[in-house]
Amino acid sequence: MIKAVRGTRDLYGETLFYKRWIEDTARRVLEAAGALEIETPILEEAPVFERGVGATSDIVQKEMYAFTDRGGRRLVLRPEGTAGVMRAFLEHGMKVWPAPVKLYYRGPMFRAERPQKGRYRQFYQVGYEAVGLSEPAVDAEAIALLIDLLRALGLKDWTIKLGTVGDPEDRARYNAYLREVLEPYKEALSEDSRARLVRNPLRILDSKDPKDREVLEKAGVRPLWDFLSDEARVHFRAVEDLLKALGIAFEEDPTLVRGLDYYARTAFEVHHHRLGAQAALGGGGRYDGLTALLGGPSLPGVGWAVGTDRLILALEAEGIPAPGAPALDLYLLPLDEAAVAEALALAEQLRPRFRVELAYQPKRPGKGIKEAEKRGARLVGFLGEGERARGTISVKRLDTGEQTELPREALFGWLEALK
RNA sequence: GUGAGCGUAGCUCAGGUGGUUAGAGCACCGGUCUGUGGAACCGGGGGUCAUGGGUUCAAGUCCCAUCGCUCACCCCA
């Protein structure tokens with residue numbers, strides 16, 4: 001039998017109710033802050049991510065679904081949202097819109113990793129971007145909106161981690177420093193970290209490998225924050241102060257390093273406490289200058305993305321149910337052959353105001369009531385010989401068992417009153 | 001990409017050390033029950049035992065490979 005490809009899933013039922021609810025909630029929360037939805041293609045040219053996300057990032061190095069199309073273009077199934085949104089931002093001249101331009105998106109992303117709980121090859125994100133202003137208040141608002149979303153969903157068991165990765169020049173100085181102090185310990189590092197030493201020493205700080213931890217300990221590595229420029233430091237403190245003023249609790253994390261190369265200054269992640277290995281619900285930060293990497297003018301920006309799949313896991317872990325489909329209002333039951341057409345016509349008349357289903361062949365009442373119950377209907381409407389002669393319908397409430405016969409023209413109003 | 005565990009009906013699972021026609025519960029269909037209820041009882045349809053190869057008189061059961069799932073590493077959403 002043909003099955004869904006590894007790491008991809010069919011979403012339906014409860015899972016899709018969750019996803020729909022999360023996306024609807026995000027829309028409400030983000031549009032209230034003046035954000036405009038944007039849908040960009042799933043397919044992008046490879047350079048959007050190679051230049052945007054960064055050629056040394058894990059995502060570009062080993063996780064991208066890339067192929068060459070018939071025209072010889074190198075295309076990629078997007079591994080994340082921001083780079084594509086910024087490509088669109090430039091392409092449509094949004095830099096002349098009143099700043100900051102707030103955009104949000106949702107949709108599937110693709111990464112070729114080994115699947116596990118909370119990690120899929122096709123996964124879904126909701127993201128938010130605010131482009132054009134470098135004010136700390138824009139960072140603080142972005143974080144506040146992320147929290148608004150979590151709260152609107154009723155989630156409680158999470159923590160915000162906040163840090164700063166400095167400006168590119170700060171990181172360059174720090175990387176140079178790291179290479180210098182770690183070089184003598186090169187042999188003691190893990191294989192991965194020896195490669196990182198060349199490409200991006202910063203990432204070594206993230207390593208959980210005991211060997212690396214030991215080296216970092218012995219080398220007495222100074223934190224990145226010692227290398228921050230005054231501007232970056234002031235910016236970070238301002239963001240923290242604004243969050244405090246909003247009453248937002250966060251955990252300061254000097255080691256926070258985001259996986260995408262484009263981040264600058266503010267960085268944050270939200271972790272859920274009951275999710276196992278893949279605990280990050282989402283994350284983001286400031287990415288000033290990303291637009292320049294994509295060939296446009298250099299513009300400031302800040303944004304985040306949350307994993308819809310992980311939000312679903314978190315909601316389940318906290319026992320928060322998804323609002324399901326609306327209950328079936330009425331199940332129409334033809335009692336003889338002639339009533340089938342009447343039931344169909346009546347169903348059409350009542351929709352879409354009411355959710356109506358019907359039996360497509362005559363059934364005995366007892367049988368039909370069971371059918372209605374299985375479908376979760378609140379009411380059963382009987383259409384038989386007697387009702388036809390009188391131009392009526394007999395409607396029975398399944399909860400109380402109470403039954404009334406009323407003229408067919410009166411049914412709509414009767415249902416309306418009940419609703 | 002690395003490691004470990006696991007693949008039996010639509011779902012959840014039984015099937016000691018290999019031994020007739022592979023089972024249960026739930027779900028589904030029908031009946032008891034031809035104008036009125038959820039229950040109960042009776043019956044029914046459903047399986048290439050993940051796939052391929054091997055060992056054996058004999059494989060759901062043992063061995064190998066492949067595929068898939070799960071969890072972890074890694075990384076992150």
Side-chain angles (χ1 to χ4, degrees), chain A residues 1-9 13 19 22 53 57-63 78-82 106-127 146 161 190-193 195-196 200 203 206-210 212 256-260 263 267 269-272 275-284 304-314 331 333-337 339 362-377 379-388 393-403 405:
Chain A
M1 183 147 51
I2 299 176
K3 295 199 276 195
V5 322
R6 186 172 169 74
T8 72
R9 299 161 302 150
K19 177 166 177 284
I22 290 164
V53 174
S57 66
D58 277 5
I59 290 180
V60 171
Q61 289 269 312
K62 52 188 190 192
E63 293 170 13
R78 64 181 183 196
E80 62 101 44
T82 303
R106 70 199 158 94
M109 308 294 163
F110 301 83
R111 291 183 203 172
E113 293 184 279
R114 185 99 157 227
Q116 71 183 80
K117 190 179 183 68
R119 187 170 76 183
Y120 311 100
R121 290 185 169 182
Q122 174 173 340
F123 60 100
Y124 297 83
Q125 287 189 332
V126 172
L146 171 54
K161 288 188 179 186
S190 69
E191 197 181 326
D192 281 349
S193 286
R196 290 177 181 133
N200 196 353
R203 303 215 57 98
D206 247 6
S207 173
K208 286 159 212 146
D209 192 305
D212 296 339
L256 198 63
V257 179
R258 307 242 58 233
L260 287 60
Y263 284 108
E269 287 182 1
V270 206
H271 291 260
H272 197 265
L275 283 200
Q278 308 303 326
L281 292 178
W304 48 256
V306 288
T308 307
D309 314 275
R310 290 191 185 170
L311 287 175
I312 293 172
L313 292 173
Y331 186 72
L333 193 62
L335 296 174
D336 57 27
E337 200 59 56
K363 282 191 199 307
R364 295 198 297 272
K367 185 86 185 152
I369 288 171
K370 284 180 200 167
E371 296 289 336
E373 279 165 348
K374 271 189 249 181
R375 288 168 171 74
L379 300 164
V380 183
F382 299 100
L383 293 165
E385 212 176 333
E387 285 83 2
R388 179 159 47 252
I393 178 170
S394 299
V395 187
K396 183 185 186 73
R397 288 184 57 154
L398 285 176
D399 51 354
T400 63
E402 178 190 358
Q403 183 168 328
E405 187 169 355

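Each chain gets a letter, A, B and so on, in the order the sequences are listed, and its residues count up from 1.
The separation of B:rG53 from B:rG44, taken at their C1' atoms, amounts to 38 Å, rounded to a whole angstrom. Between B:rU51 and B:rC11, the distance separating the two P atoms is 15 Å to the nearest Å. Across the C1' atoms, B:rU8 and B:rA59 are found 14 Å apart, a figure rounded to whole Å. B:rG30 and B:rG45 have their P atoms separated by 15 Å, given to the nearest Å. Between B:rC63 and B:rC28, the two P atoms lie 39 Å apart (nearest whole Å). B:rC62 and B:rU17 have their P atoms separated by 7 Å, with the value rounded to a whole Å. Distance noted for atom P between B:rC71 and B:rU61: 26 Å (whole Å). Nucleotides B:rC57 and B:rG18, compared at atom P, are 15 Å apart to the nearest Å.
Contacts of A:Arg6 with the nucleic acid, taken as non-hydrogen atoms under 4.0 Å apart, involve only primed sugar atoms and P, OP1 or OP2. Within 4.0 Å of A:Gly81, counting heavy atoms only, lies no atom of the nucleic acid at all. Among the protein residues, A:Lys374 comes within range of the sugar-phosphate backbone only, with heavy atoms under 4.0 Å from sugar or phosphate atoms but none that close to a base.
Here the P atom of nucleotide B:rC75 and the CD atom of A:Gln278 are 11 Å apart, to the nearest Å. When the P atom of B:rA4 is taken as reference, atom NZ of A:Lys117 falls 23 Å away, rounded to whole Å. Residue A:Trp304 contributes atom CH2, which lies 17 Å from atom C1' of B:rC76 at whole-angstrom precision. In this structure, CG of A:Leu313 is placed 11 Å from P of B:rU70, rounded to the nearest angstrom. What separates CZ of A:Arg9 from C1' of B:rA77 is a distance of 11 Å, to the nearest Å. Atom CD of A:Glu269 is separated from atom P of B:rA77 by 7 Å (rounded to the nearest Å). The separation between A:Lys3 atom NZ and B:rU66 atom C1' is 13 Å, rounded to whole Å. The OH atom of A:Tyr120 sits 16 Å away from the C1' atom of B:rG68 (whole-angstrom rounding).
Shortest non-hydrogen contact noted between A:Leu383 and A:Ala339 is O-CB, 3.3 Å. Here the closest non-hydrogen pair linking A:Asp309 and A:Tyr124 is OD2-N, 2.8 Å. Smallest separation of non-hydrogen atoms from A:Glu80 and A:Gln125: CA-OE1, 4.4 Å.
Residue A:Glu371 is the one, among A:Glu371 and A:Gly283, whose nearest nucleotide of RNA chain B lies closer to the 5' end (criterion: closest heavy atom). Heavy-atom nearest nucleotides on RNA chain B were determined for A:Tyr124 and for A:Leu275, and the one closer to the 5' end corresponds to A:Leu275.
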B/S/- contact track for nucleotides 32-47 of chain B, protein heavy atom under 4.0 Å: SSSBBBB---------
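Residue-to-nucleotide contacts include a donor-acceptor pair under 3.5 Å from the side chain of A:Arg119 to the base of B:rC75. With hydrogens and angles ignored, no donor-acceptor pair under 3.5 angstrom links the side chain of A:Gln125 to the base of B:rC76.
Residue A:Arg310 places its side chain closer to B:rC76 than to any other of B:rC69, B:rC76, B:rU2. Of all nucleotides listed (B:rC75, B:rA77, B:rG1), B:rC75 comes nearest to the side chain of A:Glu63. Side-chain proximity of A:Arg114 to the nucleotides B:rC29, B:rG3, B:rA77 is greatest for B:rG3.
A:Arg310 has its side chain out of reach of A:Lys117: every pair of non-hydrogen atoms, C-beta onward, lies at least 4.5 Å apart.
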Dot-bracket line, read 5' to 3' along RNA chain B, where crossing pairs take [ ] and | marks a partner on another strand, Watson-Crick or G-U under 3.5 Å: (((((((..((((.....[...)))).(((((.......))))).....(((((..]....))))))))))))....
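Heavy atoms from other residues, nucleotides or ligands lying under 6.0 Å from CD of A:Glu405 number more than 12. The neighbour count for A:Lys363 NZ, taken as heavy atoms of other residues, nucleotides or ligands under 6.0 Å away, is above 12.
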